[in-house]
Amino acid sequence: MLASEIIKRPLITEKSMQLVENLNQYTFEVDKRANKVQIKNAIEELFDVTVTSVNVINTARKPKRVGQYQGFKAEKSKAIVTLKADDKIEIFTA
Amino acid sequence: MATIETLEKSQVKLTIEVSAEQFDHGLEHAYQTIQKDVEIKGFRKGKVPMAIYEKKFGVESLYDEAINHIISDTYYEALVEHDVLVVAQPKIDFDINAIGRGKSFTYTATVAVKPEVKLGEYKNLKMKKPSEKVSAAEVNAEIKKLQEQNAEMQVIEDRPLKEGDTAIFDFKGTLNGEAFDGGSAENYELKIGSKSFIPGFEDKMIGLNVGEEKDLELTFPKDYQAEDLAGKDVVFHVKLHEIKEMVLPELDDDFVKDLDKEGIDTVAALKESIKKDLKAEKEKSAKNAKTDFAVQTASENATMEIPEDMVVAEKNRMLDNTKQQAKQYGLEFEQYLQFSGMTLEKFEEKLMEDARKSIRYNLTLEAVAKAEGIEVSDEEYNARLKELADQYKISVEQVSAQLSKDVVIQDIQMNKAVDLLVESLELT
């Protein structure tokens with residue numbers, strides 16, 4: 001898989017901003033099929049930084065009803081990537 | 001940092017430089033003012049960091065607020081720095097393209113300042129002495145008025161209608177045999193000789209007896225307000241019901257007693273009291289005339305360049321006042337305009353004139369106060385406060401809390417300047 005396929009988008013929320021500030025950790029939505037090593041390589045390739053650890057959270061699908069149709073909200077994976085001290089990813093800081 | 005430049009017509013141009021830090025500070029301030037209302041997904045309302053906001057909406061969206069904030073700060077600093085006394089809102093100019101984060105920029109503020117007043121002749125002005133004498137004829141006219149107010153209406157039956165009587169009658173006007181709008185009434189009360197009907201109507205009614213009917217052939221005047229009637233020949237059919245005559249009460253001590261005025265029960269005393277009232281009235285109006293003349297002449301003799309902005313500011317203040325007053329009478333401002341029969345433009349024009357005049361007067365008086373070295377003592381200040389407090393029925397503390405000392409002192413100075421002008425008048 002390509003790096004740009006693995007990393008879907010940055011998750012920018014109050015909580016993720018806190019992680020950036022306090023722990024130098026950056027949160028992304030990633031492809032469900034990717035493993036931690038692939039995520040690590042993809043981040044290093046895309047943002048030219050050194051990754052020290054990757055934590056992944058899998059969110060289960062949730063039931064969702066639209067009118068009479070019963071369906072699900074898609075499953076997704078979030079990756080919290082810890083960078084080497086002093087490394088930064090610009091898109092989170094403006 | 002600001003530089004100053006004096007323009008004509010009592011205006012100054014301030015060129016003010018804003019440093020990059022000041023601008024950034026302005027941006028931060030701008031964001032603080034809007035932050036609590038910013039909503040972006042992923043953040044609770046009001047918790048969005050500035051960086052995220054800027055990324056989504058662009059830093060440009062903060063410029064307006066930032067510039068306002070910076071200008072209001074630096075503009076007042078500049079005023080203090082150069083000791084400028086402004087009298088109107090400034091006109092601010094800057095190049096929007098020169099603005100950006102981390103960049104300094106300059107703007108200019110053009111503003112009207114208090115004009116320099118060159119006093120002309122203001123002391124010992126010559127004025128024709130206003131008359132303060134009360135003539136016997138004026139007193140008699142007043143007494144006649146009193147008599148008329150207390151007159152009785154007497155029904156007359158034994159003689160025809162004559163001038164000065166009040167007639168009660170029906171009338172029906174016809175134009176080419178047809179009745180027209182507003183041309184008929186019943187039991188109408190009309191004082192003959194009051195000229196409230198079209199010319200000829202009242203004259204032709206003279207001589208009628210009670211119960212008599214008559215056709216009056218008349219022509220409407222050419223400038224009559226109803227256009228379809230103006231200049232037309234019409235016939236009014238009138239029927240007289242009643243004649244009343246005003247009977248003036250006899251001017252004697254009994255009449256005076258009936259007036260029930262305290263301490264006055266003879267004709268001579270009444271005359272004396274009326275004379276006294278008239279005299280006081282005349283003295284008052286003479287005093288006003290003197291004040292008007294003195295202030296007006298002094299201000300006409302003085303030269304000053306009043307900036308247009310100052311006049312406009314004063315006009316707006318007056319306009320607001322008028323609106324407020326209209327509201328107190330329970331009127332919408334538009335209604336008020338209607339009542340006074342003026343359009344907004346005409347009204348504003350008039351206010352502009354008034355504003356110009358009042359500014360001229362005030363500046364002149366101020367200059368006089370300065371030239372004469374008029375000082376205001378603490379006693380005078382306190383006395384004035386007391387006076388104001390009595391006038392508005394509030395305590396002295398409340399007055400001094402609402403009015404700054406400078407305003408009151410200036411007010412006293414002005415009054416003293418007026419007194420000085422009036423006293424120095426040379427009456428001829």
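To find a chain, count down the sequence lines: A is the first, B the second, and so on, and within it residues start at 1. Computed from heavy atoms alone, side chains included, the values below leave out hydrogens, waters and symmetry copies.
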With the threshold set at 4.0 Å, does a side-chain nitrogen-carboxylate oxygen contact exist between B/Glu314 and B/Arg317? yes

Please assess A/Glu29 against A/Arg9 for the test salt bridge (Lys or Arg N to Asp or Glu O under 4.0 Å), listing each intermediate value before the final yes or no. CA-CA 5 Å; A/Glu29 189 181 330; A/Arg9 62 185 184 102; 3.0 Å; yes

Is the centre of the B/Tyr53 ring less than 6.0 Å from the centre of the B/Phe43 ring? no

NZ/NE/NH1/NH2 to OD/OE distance under 4.0 Å, B/Lys47 and A/Glu14: no

Quick one: which residue pairs count as a side-chain hydrogen bond (donor to acceptor under 3.5 Å, both in side chains) with a foot in residues 34-50 of chain A, not counting sequence neighbours? none

Write out, in numerical order, the residues from residues 26-42 of chain B with a heavy atom short of 4.5 Å from a heavy atom in chain A. B/Lys41, B/Gly42

Would you call A/Asp86 and A/Lys84 a salt bridge, using N to O less than 4.0 angstrom? no

